[in-house]
Amino acid sequence: MPELPEVESTRRDLARAAAGRTIAAVTVRDRRLRWPVPAGLARRLAGQEVREVRRRAKYLLIGVGNGTLLVHLGMSGSLRLLDAQTAPQPHDHIDLVLDDGRCVRYHDPRRFGCWLWAGADPTRHWLLAHLGPEPLGPAFTGAWLHRRLRGRTAPVKNLLMDSRILAGVGNIYANEALFVAGIDPRRAGGRIARRRVDRLVCAVRQVLGAAIDAGGTTLRDYVRTDGAAGEFVARLGTYGREGEPCPSCAAPIAREVIGQRSTWFCRRCQR
DNA sequence: CCGGACGCCTGTCGGC
DNA sequence: TGCCGACAGGCGTCCG
């Protein structure tokens, strides 16, 4: 799924719909997610007011009176805002029923996502404790990234997707940012000149920002909370475009597997 | 610490 | 038409 722009797009919709509302009930149809949904989760949430909906990396942090609900959408997850009476479809695993008759419905065919309880300070939760900085936050600078990449021999693309270095960039946007920055995804992280690292930081910011504005990228499973597709798919430069002309120089886009993930890039523009 | 491989799941698509 | 392998947005864990 869902990388940072898709989660952020979902977050904004949820904040608008749920902040200030009370959770009337929680319906768990299938507990078998990446980690089992805790037996006491529904009890902890029922009757609580939703105070805020935040995001850290690809996690949604839904703050209620007595703690935080931690939601990750995995590879194929999405959250829809629906009338609570709407009949559930296959793979609709959890409903957060609100006091206005609507619900936040979690759909996830592959069940790689999670719904966990995180307590009052979610940043201390084991899943969040070792995450790198937010790519749209002030700590993500060229100087900082250049230092983090120093001495690293792994392909820069792998390092961009390493959540301990940078939080929230997945396969789509790593491909796209490296294309915008003109950097070969196979290049060792420690062998990128400082000026080009600056360009990479700008490219990550630019691509993520544009994707958020477009409501994210829908490839297959992801949809926005109203069921609409994310529009950024039309603006992808290289992702999934093997053999098509490079938007910049018209040379055919190449595909290679790097770090067990498909990678698309332009051999002429990216060095 | 680092880099690379492997599962966890279900669904879809292309080739034979 | 049917079967089978490859592949898909993430990421914790294990191994050398």
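By convention in this document, chain letters (A, B, ...) are assigned in the order of the sequence lines, proteins followed by strands, and residues within each chain are numbered from 1.
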**Student:** Determine the contact category for Thr217(A): base if any of its heavy atoms lies under 4.0 Å from a base atom, sugar-phosphate if only primed atoms, P, OP1 or OP2 are that close, otherwise nothing.
**Tutor:**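 Base: the residue Thr217(A), judged by heavy atoms under 4.0 Å, touches a nucleobase.
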
**Student:** Compare the ring of Tyr222(A) with the six-membered ring in the base of dG9(C) and state whether they stack (centres under 5.5 Å, planes under 30°).
**Tutor:** no

**Student:** Does dC11(C) have Phe112(A) stacked on its base, where the ring centres are within less than 5.5 Å and the planes differ by under 30°?
**Tutor:**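 According to the criterion (under 5.5 Å, under 30°), no, Phe112(A) does not stack.
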
**Student:** Choosing from dG9(C), dG11(B), dG10(C), which nucleotide comes nearest the side chain of Leu219(A)?
**Tutor:**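 Shortest atom-to-atom distance from the side chain points to dG9(C).
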
**Student:** Just by distance, do the side chain of Gln270(A) and the backbone of Leu178(A) share a donor-acceptor pair under 3.5 Å?
**Tutor:**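 Looks like yes, one N/O pair under 3.5 Å.
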
**Student:** Of all the choices, dG12(C), dG11(B), dC9(B), which nucleotide is nearest to the side chain of Ser163(A) once you look at every atom?
**Tutor:** dG12(C)

**Student:** Glu6(A) side chain to Glu3(A) main-chain N or O, any donor-acceptor pair under 3.5 Å?
**Tutor:**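 Judged by distance alone, yes, a pair lies under 3.5 Å.
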
**Student:** Does dC11(C) have OP1 or OP2 sitting under 4.0 Å from an N or O in the side chain of Lys58(A)?
**Tutor:**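 Checking dC11(C) against Lys58(A), a side-chain N or O does come within under 4.0 Å of OP1 or OP2.
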
**Student:** Choose from dG3(B), dC11(C), dC6(B) the nucleotide whose nearest atom is closest to any side-chain atom of Gln260(A).
**Tutor:** dC6(B)

**Student:** Atom CZ of residue position Arg147(A) - does it have more than 12 heavy atoms of other residues, nucleotides or ligands inside 6.0 Å?
**Tutor:**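 Check fails, neighbour count at 12 or below.
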
**Student:** To the side chain of Thr153(A), which of dG9(C), dG3(B), dA8(C) is closest?
**Tutor:**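 Nucleotide nearest to Thr153(A)'s side chain: dG3(B).
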
**Student:** Checking the side chain of Arg205(A) only, and the main-chain atoms of Phe140(A) only, is there a donor and an acceptor separated by less than 3.5 Å?
**Tutor:** yes

**Student:** Convert the base pairs of DNA chain C into dot-bracket notation, remembering that pairs crossing earlier ones are written with [ ] and that bases paired across to another strand are shown as |; include only Watson-Crick or G-U pairs under 3.5 Å.
**Tutor:** .|||||||.|||||||

**Student:** Evaluate the ring planes of His107(A) and His91(A), with Trp represented by its six-membered ring, and classify them as parallel (under 30°), tilted (30 to 60°) or perpendicular (over 60°).
**Tutor:** perpendicular

**Student:** Among dG7(B), dT12(B), dC7(C), which is the nearest nucleotide to the side chain of Arg220(A)?
**Tutor:**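 Nucleotide nearest to Arg220(A)'s side chain: dT12(B).
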
**Student:** Is the base of dC9(B) touched by the side chain of Arg110(A) through a donor-acceptor pair closer than 3.5 angstrom?
**Tutor:**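 Such a pair is found, so the answer is yes.
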
**Student:** Looking at His91(A), I'd like to know whether one of its side-chain N or O atoms comes within less than 4.0 Å of OP1 or OP2 on dG11(B).
**Tutor:** yes

